[in-house]
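Structure record follows, encoded as C-alpha cells.
In this chain, residues are counted from 1 in sequence order.
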Amino acid sequence: MKPDTRALAAKGLADVALRGASLREVMERSAPKLSDPRDRALLMALLSEGARWWLRFDAAVDAMLTKPIRHKDPAIHALLVLGLVQLEILELSDYAAVAATVEATRTLKRPALAGMVNAVLRRWQRERETHLARLDAEPTTRHAHPAWLATALQRDWPAQADAVMAADNGEPPLMLRVNRQRSERGAFIARLQASGHEAHAHPWLADAVVLPHSTDVTRLPGFADGAFAVQDGAAQVAADLADLHDGLRVLDACAAPGGKACHLLERARIDLTALEFDAKRAARIRDNLMRLRLDAKVVIGDAGAPPAAWKKQPFDRILVDAPCSATGVLRRRPDVRLHRRESDIAAMGVQQRRIVSALWPLLAPGGRLVYITCSVLRAENEAVVSELVAAYDDAAAVAFTLPVGQAAAVGWQILPGDGDLDGMYYAVLQKKA
C-alpha cells in the first residue's frame with residue numbers, strides 16, 4: 001500500500017514541534033518511504049513549511065477547537081496545522097488541502113476524527129479573514145517567531161526586525177560553491193544550464209552559483225566528482241576574510257560539517273586541521289573532504305580545551321565558527337525557532353568566550369583569527385569579540401566592509417535577507433607581531 005504523504009508529514013511534524021526532534025532527522029527517515037519524487041517533494045514542503053509556520057497555525061487550530069488535542073492526538077493536531085499550511089502557504093486546491101487531509105486521518109488510524117478535521121478546515125475557509133486578522137494582531141503569530149526572539153530582534157535591530165522576520169519566512173535560493181580544484185565556475189554553470197537548470201554566477205562572491213529553487217543536488221552534474229558543494233553565500237565570505245596564501249598552517253575550530261574547511265582548501269595549498277567535538281559530525285567532515293578530493297587532518301576534541309602541544313607550533317590562521325543560537329539561518333532551518341530558548345543565549349555566550357579564549361594563544365604573531373556565528377544577536381557576536389580584544393593586549397580588530405550587511409560595534413553583521421543571504425556575523429582579529 002502506498003504511504004499517505006500527509007499522514008507521514010503529520011507524524012513527522014508532531015515529532016519536530018512537540019517532541020523536539022530535528023527536522024533534518026525526520027526528513028531523512030521519512031523521505032525514503034516514498035518512491036515517487038513528487039510525493040517526496042510534497043513531504044519536504046509540508047515538513048519545512050509546517051515547522052516554519054507552526055507558531056502561527058498552531059494557535060489558529062486551538063482557537064477553532066473546543067478542547068485542544070495537542071497532547072491527546074499530536075499527529076491529528078499536526079495534521080490540522082498542515083491543512084492550514086496547504087491552504088495559506090502552499091496554496092493547494094481545496095481538494096488537496098481539505099479532502100486529502102481528511103483522508104489522512106484514516107491512515108493515522110483515527111477515522112472517528114475525520115469529521116472534526118473536515119469541520120475545522122471548512123470553518124477556516126468560511127471565517128478566514130477573521131482568523132487572519134486575529135493572528136496578525138500579535139507579533140508571535142504574525143511572524144511565527146517566538147516572543148522572546150521577536151523582542152530580542154526589536155532590541156538589537158529595531159529598524160530591521162520586521163524585515164528580518166519576513167526574510168526568515170521566505171524561500172531561500174539554492175547556493176552552490178564551485179570547487180576551484182575540480183572545476184571553473186563558468187564551465188560549471190554551462191553544465192548546469194545544458195542539463196536544464198537555471199543558474200547564474202553570484203555578483204560578488206567569486207565561487208558562488210545561484211539556483212532559484214531547491215533541488216536534489218545529488219542529481220546535479222558534477223556532484224559525484226566533487227565539482228561543487230552546497231553552501232550559502234554568507235558562509236562563503238569566510239574564505240575571503242581568512243586572507244590565505246600557500247604554505248599557511250590553518251585551524252578550523254568547530255569545523256563540522258566541513259563547508260568552510262573545504263572552501264579554504266580549495267583556495268590555497270595549506271596545512272589544515274579541522275577540529276570537531278562530536279565524532280558523528282566529524283565523520284561528515286571526512287565525507288565532504290573525500291567527495292571534494294581534498295585533504296586535511298580531522299581531530300575530534302574540544303575547541304575550548306585544545307591539545308597543549310599545539311602551542312609549540314602555532315597556527316597562522318584560525319577560524320572559530322562558534323556554536324551559536326542559529327538565529328540567522330531560520331529560513332533554512334525553520335525548526336530552530338521551535339527548539340531554541342531565551343535561556344540558551346547566555347549559555348552560548350559562556351561557550352563562545354571559553355573557545356576564543358582557549359584558541360587565541362594558539363595564533364602565531366601576525367596571524368589572523370576569524371570569528372563567525374550564524375546568529376543575529378549582539379550578545380553572541382560583538383559582545384564576545386569586544387571582550388576578547390579588551391582582554392588581550394596583542395589583539396587588534398581588523399576593519400573591513402562587505403557589499404551587503406552593516407557594521408557592528410566590532411565586525412560586520414549580515415542580516416537574513418541582506419543580498420538574499422543567510423544571517424552571519426564576522427569579526428577579524430589580528431595578533432600583533
Side-chain angles (χ1 to χ4, degrees), residues 235-255 258-265 267-277 296-299 301-324 348-375 378-402 405 407-414 424-433:
Q236 296 187 39
V237 171
D240 292 331
L241 296 181
D243 187 29
L244 295 175
H245 57 77
D246 291 351
L248 294 178
R249 275 177 47 80
V250 180
L251 173 64
D252 183 2
C254 316
K260 296 180 182 68
C262 289
H263 197 190
L264 299 181
L265 291 163
R267 284 285 184 92
R269 292 182 176 88
I270 56 176
D271 176 9
L272 186 139
T273 298
L275 178 63
E276 172 55 42
F277 181 77
K297 183 180 180 181
V298 180
V299 177
D302 180 2
W310 285 2
K311 292 183 180 180
K312 296 178 182 179
Q313 192 175 4
F315 294 93
D316 303 299
R317 301 287 187 271
I318 297 178
L319 258 66
V320 184
D321 194 357
C324 71
M348 293 286 184
V350 171
Q351 180 79 327
Q352 291 150 3
R353 287 168 174 83
R354 186 176 74 90
I355 289 172
V356 294
S357 297
L359 295 178
W360 183 255
L362 304 184
L363 185 65
R368 168 175 290 214
L369 182 148
V370 183
Y371 178 84
I372 312 161
T373 77
C374 55
S375 171
R378 294 182 188 270
E380 299 181 87
N381 297 337
E382 58 209 74
V384 174
V385 177
S386 296
E387 288 183 20
L388 180 68
V389 173
Y392 291 91
D393 292 338
D394 58 354
V398 177
F400 64 92
T401 61
L402 297 173
V410 181
W412 194 267
Q413 180 73 62
I414 302 172
M424 195 79 62
Y425 170 81
Y426 284 99
V428 179
L429 302 181
Q430 186 155 359
K431 181 170 280 191
K432 298 174 185 176

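Of the possible polar contacts, none joining the R368 side chain to the D243 backbone as a donor-acceptor pair under 3.5 Å is found. R353 places a side-chain N or O within donor-acceptor distance of the main-chain N or O of G349, the cut-off being under 3.5 Å. Distance alone, capped at 3.5 Å, is enough to place a donor-acceptor pair between the Q413 side chain and the S375 backbone. Although no hydrogens or angles enter the test, the distance criterion places no donor-acceptor pair under 3.5 Å between the side chain of N381 and the main chain of Y425. Checked by atom type and distance alone, the side chain of Y426 never pairs as donor or acceptor with a backbone atom of V370 at under 3.5 Å. The closest donor-acceptor contact from the side chain of R378 to the backbone of A408 lies at 3.5 Å or more, if one exists at all. The main-chain N or O of D271 is never found under 3.5 Å from a side-chain atom of K297 such that the two would form a donor-acceptor pair.
Taking the six-membered ring for Trp and thresholds of 30 and 60 degrees, Y392 and W360 have ring planes inclined between 30 and 60 degrees apart. Using bins of under 30°, 30° to 60° and over 60° for the plane-to-plane angle, the ring pair W310/F315 lands in the perpendicular bin.
D302 has its side chain within reach of R354: a pair of non-hydrogen atoms, C-beta onward, lies under 4.5 Å apart. At a threshold of 4.5 Å between non-hydrogen side-chain atoms, the residues L369 and K431 do not count as touching. Between L319 and L264, some side-chain heavy-atom pair lies under the 4.5 Å cut-off. Residues I270 and L265 are in side-chain contact: their nearest non-hydrogen atoms beyond the backbone lie under 4.5 Å apart.
Comment: K260 engages D321 in a salt bridge, judged by a side-chain N to carboxylate O separation of less than 4.0 angstrom.
The CG atom of L363 sits 9.0 Å away from atom CG of L429, with the distance rounded to the nearest 0.5 Å.
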